Number of protein chains: 2
Amino acid sequence: MITIKDIAERAGVSYATVSRALNNRSDVSSETRKLIMELASEMGYQPNAIARSLVKRKSMNIALIVPDVSNPFFADITMAVNSAAENAGYTTMVCNTGWDQQKEQEKLRIMVEQRVDGIILKPTGFFKPETLEAYNVPIVVFWHAGDDDLSYIEVDHETGSRMAVQHLVDRGYKHIAYIGGQETSPSNQIRLLAYQQTLQENGLVVDPKLISFGGFRLESGYERFGKMMHLPKPPDAVFCSNDIIALGVLQYTREHNIRVPQDFGIIGFDDINYASLPQIELSTVSQPRDKLGEEALLALIREMEAFPERTRQRVLIAPELKVRSTT
Amino acid sequence: MITIKDIAERAGVSYATVSRALNNRSDVSSETRKLIMELASEMGYQPNAIARSLVKRKSMNIALIVPDVSNPFFADITMAVNSAAENAGYTTMVCNTGWDQQKEQEKLRIMVEQRVDGIILKPTGFFKPETLEAYNVPIVVFWHAGDDDLSYIEVDHETGSRMAVQHLVDRGYKHIAYIGGQETSPSNQIRLLAYQQTLQENGLVVDPKLISFGGFRLESGYERFGKMMHLPKPPDAVFCSNDIIALGVLQYTREHNIRVPQDFGIIGFDDINYASLPQIELSTVSQPRDKLGEEALLALIREMEAFPERTRQRVLIAPELKVRSTT
DNA sequence: CTGAAAGCGCTAACAA
DNA sequence: TTGTTAGCGCTTTCAG
């Protein structure tokens, strides 16, 4: 690999001058600059970003740490962060934690060792903010804001849930169920609360029998919904905590010839990519991934600029209602 | 950020000794090692990978350059490469080209500047092998092997297509159509040829009317299939060049009450994630992404070890037949 | 406008 | 077993 010294030698100048020319700084005569530029491209010079990072103490790399890039949701986020970072002149290192807390710590460590200028993290589960602060690196977390010093970003689950339930009410459904995810999941709690409040605000009763918690999986949705339909007073619509659960419900209605949306309304949350397939056409609340990714990067840039001060940002992204043929 | 010099000072030894201890080399007394280790963790020392890379002339980073990580197929490849790389001690930098040739070149350049130890590239389209060789970096390409010096990896499209068509024949379908992608796509050509040969080997006639080229999109599949069904002698089964096209066909059969698989067989190619959804259950030929990713990394490691010699590997991955409910 | 020199944080001879 | 020293390839003062 050829270096600025090689160029300097051929050009008969000091390598400091080569460096100046290559970074097109003003204090080089135009002739020398021209000569150096030509030589550089002729010799196939490729600047060494590692050496530059070392002296500049800035790598122009950022890290994105997510549980699983092959999950369409995170894949979209990755894309969005990537392109936003690119526009800002940064290169992204993407890490998977595989929903493993320990791996998450390891990835964080590796990224710090790589001296990335900042980190965007979607934590695998609960985490101690102190741990992250200890890494002493600009960081933005996809999570509900705590009262610590970190910067957070997330979609506005409350607004999203209200939109979903209000939409069902507006469509004329009266007996609306909630099929949620893990009871311990904080976002699940937020969604549940919004569901209850929206019903009450519309003068509808909240029936505890129509509230269910369980796995965020298709089978789980199918099964729990099936039980609900055997209730003396079954629901006529359901708000599902995510699209996968909704897919399970949809399957049940198909198999039992329940007419959707005439006799029954279904709405999900997330807008995963196949929700819009012609065979599915699921109404849902979209978490705009492009926006999330973009805003996460902007927040990170602000954080990096202020570092080592923490900016303590709390960014909330507005969800979007996607009305399709299941409501 | 604290450095080995800081530790050396506190420990009262030279910083070379600290380096030795931290890399647990044998030539350090166990007491000094212990002292240094304790000091390091107490002071929160994080090794600087950039400095190490500079002197070692090895970054332990590799690049994965793909058209679009949010495409489920590439997302899976990304996962597989990522985890294989991780096991081998490498960190992966993922780049998107957005199906843009120019961006592809730019990403390659940036990765070379970042001094990655090797690159895995899924090219956006046709490319000049010389360009890649000129970058003078170990590289493995997802593509059909040419007669150049590069290393290639791909799924065995011929075998895969034969499996698909033979499966339709075995199921008793007699009048099998081929709905392909872009006529210019090389993999499309390979699939077509295998389709024709398999039919002939089974004593079935190849009807040019039952062969169609077009976009790799759902609507394209829907439309072209619709036309075929209006032929005097319509097909009783179809081999689609990818799953998206098959989804279009599936939609058509649904809308026109064609019984699948009793009266009509459909098979796709790729095994994209929603092919296995209960609502879809598409038979298809799977390109095993985990295997592709894994083998790509192994090939790259061989390439890196041999570098600057080129290993000129040609790796072919066996596809897998997934029989589901559309055949 | 250009060169000399220091140094980013680390590894790896070579001595001692 | 440890210290000294010379870089890795580059940027950035500070002189000239």
Side-chain angles (χ1 to χ4, degrees), chain A residues 1-37 39-40 43-61 89 109-117 136-137, chain B residues 1-37 39-40 43-61 89 109-117 136-137:
Chain A
M1 276 267 127
I2 108 130
T3 74
I4 50 172
K5 287 196 181 175
D6 300 321
I7 299 180
E9 208 167 329
R10 287 259 315 254
V13 295
S14 77
Y15 63 92
T17 303
V18 176
S19 173
R20 290 191 191 100
L22 259 20
N23 291 291
N24 45 128
R25 296 248 295 261
S26 52
D27 51 355
V28 192
S29 78
S30 56
E31 306 120 69
T32 19
R33 156 172 297 120
K34 189 158 163 270
L35 173 64
I36 290 171
M37 289 307 207
L39 241 31
M43 300 170 76
Y45 171 71
Q46 303 275 20
N48 186 325
I50 295 198
R52 175 185 296 137
S53 301
L54 186 59
V55 32
K56 288 210 152 187
R57 290 129 149 271
K58 201 157 186 327
S59 64
M60 294 309 278
N61 290 157
R109 203 206 67 229
I110 293 176
M111 290 301 106
V112 170
E113 292 191 359
Q114 296 279 342
R115 293 295 189 271
V116 293
D117 297 331
N136 208 38
V137 63
Chain B
M1 275 266 128
I2 109 127
T3 75
I4 49 173
K5 286 195 183 175
D6 300 321
I7 300 180
E9 207 168 331
R10 287 262 312 254
V13 296
S14 76
Y15 64 91
T17 302
V18 176
S19 172
R20 290 190 191 99
L22 257 20
N23 292 289
N24 45 125
R25 297 248 296 263
S26 53
D27 51 355
V28 192
S29 78
S30 54
E31 307 122 65
T32 17
R33 156 171 298 117
K34 188 157 161 274
L35 172 63
I36 290 171
M37 290 307 208
L39 241 31
M43 300 169 75
Y45 171 70
Q46 303 276 17
N48 185 326
I50 294 197
R52 176 186 294 136
S53 301
L54 186 59
V55 30
K56 288 212 155 190
R57 291 125 152 273
K58 204 161 184 317
S59 63
M60 294 308 280
N61 289 157
R109 203 205 68 231
I110 293 176
M111 289 302 105
V112 170
E113 292 191 359
Q114 295 279 341
R115 293 297 187 272
V116 293
D117 297 332
N136 208 38
V137 62

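Small disclaimer: the values here were computed from a predicted structure and weren't measured. Here is the naming used below: chain letters follow the sequence lines, and residue numbers restart at 1 for every chain. The figures that follow rest on heavy atoms only: side chains count, while hydrogens, waters and symmetry mates do not.
- Among the protein residues, A:Ser53 comes within range of no part of the nucleic acid, since none of its heavy atoms lies under 4.0 Å from any strand.
- Within the model, atoms CG of A:Asn48 and OG1 of A:Thr3 stand 9.5 Å from one another, a figure rounded to the nearest 0.5 Å.
- For the pair A:Ile7 CD1 and C:dT2 C1', the interatomic distance rounds to 17 Å; values are reported in whole Å.
- OP1 or OP2 of C:dG3 lies within a sub-4.0 Å distance of a side-chain N or O belonging to A:Thr17.
- For the pair B:Leu35 CG and D:dT1 P, the interatomic distance rounds to 16 Å; values are reported in whole Å.
- No donor-acceptor distance shorter than 3.5 angstrom exists from the side chain of B:Asn61 to the backbone of B:Val116, with no hydrogens or angles considered.
- Residues B:Arg20 and B:Pro47 each lie close to DNA chain C; by heavy-atom proximity, the contact nearer the 5' end of the strand is made by B:Pro47.
- For C:dC10, one of the phosphate oxygens OP1 or OP2 lies less than 4.0 angstrom from a side-chain nitrogen or oxygen of B:Tyr45.
- For the pair B:Arg52 and B:Asn23, the minimum side-chain heavy-atom distance is below 4.5 Å.
- Here the P atom of nucleotide D:dC10 and the NZ atom of A:Lys56 are 13 Å apart, to the nearest Å.
- Between A:Ser53 and A:Ser59, the closest heavy-atom pair is OG-CA, 3.5 Å.
- When each of A:Leu22 and B:Gly12 is assigned the nucleotide of DNA chain D bearing its nearest heavy atom, the one mapping closer to the 5' terminus is B:Gly12.
- The CG-P distance, from A:Leu54 to C:dG9, rounds to 7 Å in whole Å.
- Atom CG in A:Asn23 sits about 17 Å away from atom P in C:dC1, given to the nearest Å.
- At a threshold of 4.5 Å between non-hydrogen side-chain atoms, the residues B:Ile50 and A:Glu113 do not count as touching.
- As judged by a 4.0 angstrom heavy-atom cut-off over every strand, B:Arg25 is placed among residues touching the sugar-phosphate backbone only.
- Nearest nucleotide to the side chain of A:Lys5, out of D:dC8, C:dT11, C:dA5: D:dC8.
- OP1 or OP2 of D:dG9 has not a single side-chain nitrogen or oxygen of A:Thr3 nearer than 4.0 Å.
- For B:Arg57, no side-chain nitrogen or oxygen approaches OP1 or OP2 of D:dC8 to under 4.0 Å.
- Atom pair A:Ile4:CD1 and C:dA5:C1' shows a separation of 14 Å (rounding to whole Å applied).
- When the C1' atom of D:dC10 is taken as reference, atom CD of B:Gln114 falls 14 Å away, rounded to whole Å.
- Minimum atom distance to the side chain of A:Ser14 is reached by C:dA4, of the listed C:dC10, D:dC10, C:dA4.
- Comparing atom distances between the B:Val13 side chain and each of D:dG3, C:dC10, C:dA12 picks out D:dG3 as nearest.
- For A:Val55, counting side-chain heavy atoms from C-beta on, the closest listed nucleotide (C:dT2, D:dC10, D:dT2) is D:dC10.
- Of the candidate nucleotides D:dT2, C:dT2, D:dT12, D:dT12 has the atom nearest to the side chain of A:Ala16.
- Listed nucleotides C:dT11, C:dC8, D:dG3 differ in distance to B:Ser19; the shortest reach to its side chain belongs to C:dT11.
- Using a 4.5 Å heavy-atom cutoff, the side chains of B:Arg115 and B:Arg57 are not in contact.
- Residue contacts for A:Asn48: at a heavy-atom cut-off of 4.0 Å it reaches the sugar-phosphate backbone alone, with no base atom in range.
- Look at OH on B:Tyr15: it is 10 Å from C1' on C:dT11, rounded to the nearest Å.
- Between C:dC1 and A:Ser29, no contact under 4.0 Å exists linking OP1 or OP2 to a side-chain N or O.
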